[in-house]
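On a predicted model such as this, the values are computed, not experimentally measured, just so you know. Nothing fancy with the numbering, it's 1 onward along the sequence.
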Amino acid sequence: MNKKLMILATSAAVLSTSTMQLSSCKEAQSNNPLLQESTLPYGAPDFSKIQTADYLPAFETAIQQKRDEIARIVGNQDSATFENTILAFEESGKTLDRVSRIFFALVEADKTDEIGAIEKKVQPMLTDLENEISFNKQLFERIRQVYDRDHDALQGEDQKLLEEIYKDFVRRGALLPDDKMARMKDINKRISELQTQWGDQLSAATNDAVVWVDKKEDLAGLSDADIAQCAKDAESQGKKAPYAIVIVNTTQQPLLASLDNRELRKKVYEAAVHRADGTGKYNTFPLVVEMAKLRAEQAEIMGYPNYASYSLEETMAKTPDNVYSFLKNLISQYTPKAQAETEAIENYARKVTADASFQLQPYDRFYYSARMKKEMLNVSEDEVKPYFNADSVLINGVFYAANRAYGLTFKERTDIPTYHADMKVFEVLDKEGRQKALFCCDYYRRPTKRGGAWMDAFQKQSRQRNQLPIIFNVCNSAKAPEGQPSLLTWDEVTTMFHEFGHALHGILSDCQYEKLSGTSVARDFVEMPSQFNESFASIPEVFDHYARHYKTGSPMPTELKERMLKGINFQTAYALGENLAATCIDLAWHMLGSKDIPTADQAAAFETEALKKVGLLDTQIPPRYYTSYFNHVWGGGYAAGYYSYLWTEVLAVNIADVFAQRGALKSETGQDFCDKILSRGNTGDLMQMFSDFTGMKEPDASSLLKARGL
C-alpha cells in the first residue's frame, strides 16, 4: 500500500509539473507577439515587442498549427471540394507565413549571430514540414480529385489557384514511387542545409575581404566623401588600419573607377574575385558542387536530363534551347562591340600613361574608362553625385514618378516600429486617398546585411485574407557619416528605381489569393516591372525633380545633365558582357547530369571552360559573379534562371517604348499598365498579359541593344 501511495504521489507530482509546464508554455505562446495578429496599422510587425528569443518558439508553434490544419484537410470525411481542400490548403499556415516573413527579412538584412543560430535550427524544421506536405499522399489525392473533376468547371482565379497548387505537388514529386519520394525528401533537406551554410560562408567571406589602407595618400583619386566613408568603414570593421575598402557583392568594385593607386586597385579587385574560391580563408566550391549534383539528381528523378530542363519548364522561355538561342544572338552582336570598347580603353590608357606597351587589366578598366568618359564627355561621378542625395532620389524621384504614373501618394509613418533605425516606413494611398499598402525601405549597408539589393514582403496582398500588402526594399548604399548627406552614384539611383519596380508589383496587386498575388510569377517575368521602372529615372521631368544639389537645392544644370545622360550609354558593352558571362556560368552548371558534376578542385577550371565554349572568356570583361560568390544561383532562387535579367530587359524595353509613345507620365498609360500587368500577379498567361498591354505578339529582342546604346 505504501508503495502504491508513493507511486500515486509521484504520478500526481509529475502530472502537476506537466500541467504547470503546459500552462507556462501556453502563457509564453499567448505573450509571444509573433503568434498574435498585430494591432498596428495594416497588421505591420511590431518590432518594439518582438524579441530574438520569440522566434524559435513561434516557429515551433506555427509549424504545429500548420500540421494540424493539414491533418484536418486530410481527415475530412466529406468528398474533396474546392472549398474544403484547395481553399483550405491555401488558407493554412497563416501564422507560419507571418513568422517566416518577419524572421527571414532579418536573416537577409540584419543577421546577428543570434539570428544565424536560430536559422540553423529553423531551416531543417521547415524543410521537414515541406517534405511532409509535398509527399502527403492523402492530401495530394484530395487535390487530384478536385483537379480531375472540377478544373474545367472553375473559372478565373479559382481555376488558376487549383492549377498552381496541383502543378506544385506534381513538380515536387507527388506522383513518384515511394523509394524516389524518400530520396527527394533527403535531397530537399540537404539542399536546405547547404544553402544555409552558403549564406553564412559567403557573408563571412565578403566581410573578411576588406582591404585595409594605412595612408590617406594611397586613396588619391577618391572624393573627400569617399575617403570619409573609408574611415567610417574602418571603424565599423574593427579599425585594423585608418581606412578600409569594403567589398560589395559584384566582381567589379565601384571605387576602382577613382583609385589612382594601381597596386591598390589590383588588391581590391583580387579581394573581390578570390573572396570565396579557396585561395584564401574561405572556399564555397565544396558547397557548390554538392548543390549542383543534388539539383541534377532531382531533375533526373523527375524524368528530366538536367536541372535546367526541369527548372525552365514553368518559365516563359520553356527550354534551355530557347534560352541559348536568345543568348547566342546577343553574344554574336555584342562581341565586336566589346572588342572595340576594350581596344579603345587600352589605347587611351597607353596614351595617358605614355607607355605603348601598357597592358590593360580588369582592375584598370573602370579607372581608364572613367577618365576617358571625363575627357570625352567632361563628366564624372564626383561631379554628379552631389545632385543625387538619397532622400531626394526617393521622395522627389521614385515616389514622384509613381505618383505621376499611378496616382500614388506616400506619407511617412514614424509610429510604426522597424527592425533597424535605418529603415523608414511610408503609407501608400491611391488616387482616391484610400489606403493601399505600407512601403518600408532599408537602403544602407552594414556588416549584418548580405550584399545586393532586393524586394520582399512582410505581408502579401490578398482579398481572400483581407490583407493589404506590406512591402520592403533593401539596398547596400554607403551611409554618410553623421551630419553629411548620403550621395549616390548613378548605378545606385537606378538600383533604387529598380527595386521599387518590384515593390510596385506588390503594392498594386489586386488578387483574390495570396499564392497568385504580386511577384508570384515566373522568374523570367518577375524582373520586368523592376527593369522597366528604371526607365523613369532618366525621364526629364522626373530627373529634374530629384536631381538637385544637396546644399543649394538647385537642379542639375542643363549642360551637365545632358553630358551626364549622354554618358549613361558610354561603353556599355561591359555591363552586357558581365551579365552574359554570369548567365552562361549559371546555365553551364545546371545543364550537367549528376554524374558529370566536377569536383570542388575542378570547379574553377570548369567555369573557365564554360566561358570559353560560348566565346565569353574575356579577362577584360569578367562575369558579374563568379561561381564562388554567385548568390543568386546558390543562395537564392535563380538556379538556371539568371538569364531572366536579360530576357525581362527585352520585355521592359518594349514596355518602355509603349509608355514613351502613349505618354510615360500620363495617368491613363500607368493605369492601363496597372490593370493589365501590375495588378494581376500570376492570375493569367504572362505572355498574354504582355501582349494585351503592348499589342505585340511576341517580344522584340532587337530593341535591347539599341536601348543599351549598342
Output yes when [X] and [Y] qualify as a salt bridge under the 4.0 Å nitrogen-oxygen rule, no when they do not.
| X | Y | value |
| --- | --- | --- |
| R275 | D208 | no |
| E381 | K373 | no |
| E235 | K239 | yes |
| D260 | R265 | no |
| E193 | R190 | yes |
| K449 | D110 | no |

Work out which heavy atom in [X] is nearest to a heavy atom in [Y]; give both atom names and the distance.
| X | Y | answer |
| --- | --- | --- |
| T648 | R523 | CG2-O, 4.3 Å |
| A299 | Y310 | CB-CB, 3.8 Å |
| R171 | Y304 | NH1-OH, 3.9 Å |
| V323 | A317 | CG2-CB, 3.6 Å |
| R172 | M302 | C-SD, 4.4 Å |

Taking only residues two or more places apart in sequence or in another chain, which ones pass ring-ring contact (aromatic ring centres under 6.0 Å, His included) with Y638?
H632, Y645
With a 4.5 Å cut-off on side-chain heavy atoms, are N473 and M496 touching?
no
Look at the aromatic rings of F458 and Y419 and report parallel, tilted or perpendicular, splitting at 30° and 60°.
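It falls in the perpendicular class, over 60°.
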Below 30° counts as parallel, above 60° as perpendicular, anything between as tilted: where do the rings of F388 and W490 land?
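Aromatic pair F388/W490 classed tilted.
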How many angstroms lie between atom CD1 of I227 and atom CG of L222, to the nearest 0.5 angstrom?
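Here the rounded value is 5.5 Å.
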Nearest 0.5 Å please: distance from the CG atom of N283 over to the NZ atom of K281.
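The distance works out to 14.0 Å.
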Give every donor-acceptor pair under 3.5 Å between a side-chain atom in residues 609-624 and any protein atom, sequence neighbours left out.
from: D618; atom 1: OD1; to: Q620; atom 2: N; distance (Å): 2.9
from: Q620; atom 1: NE2; to: L360; atom 2: O; distance (Å): 2.5
from: R624; atom 1: NH1; to: E578; atom 2: OE2; distance (Å): 3.0

Have W589 and T627 got a donor and an acceptor in their side chains that come within less than 3.5 Å?
yes
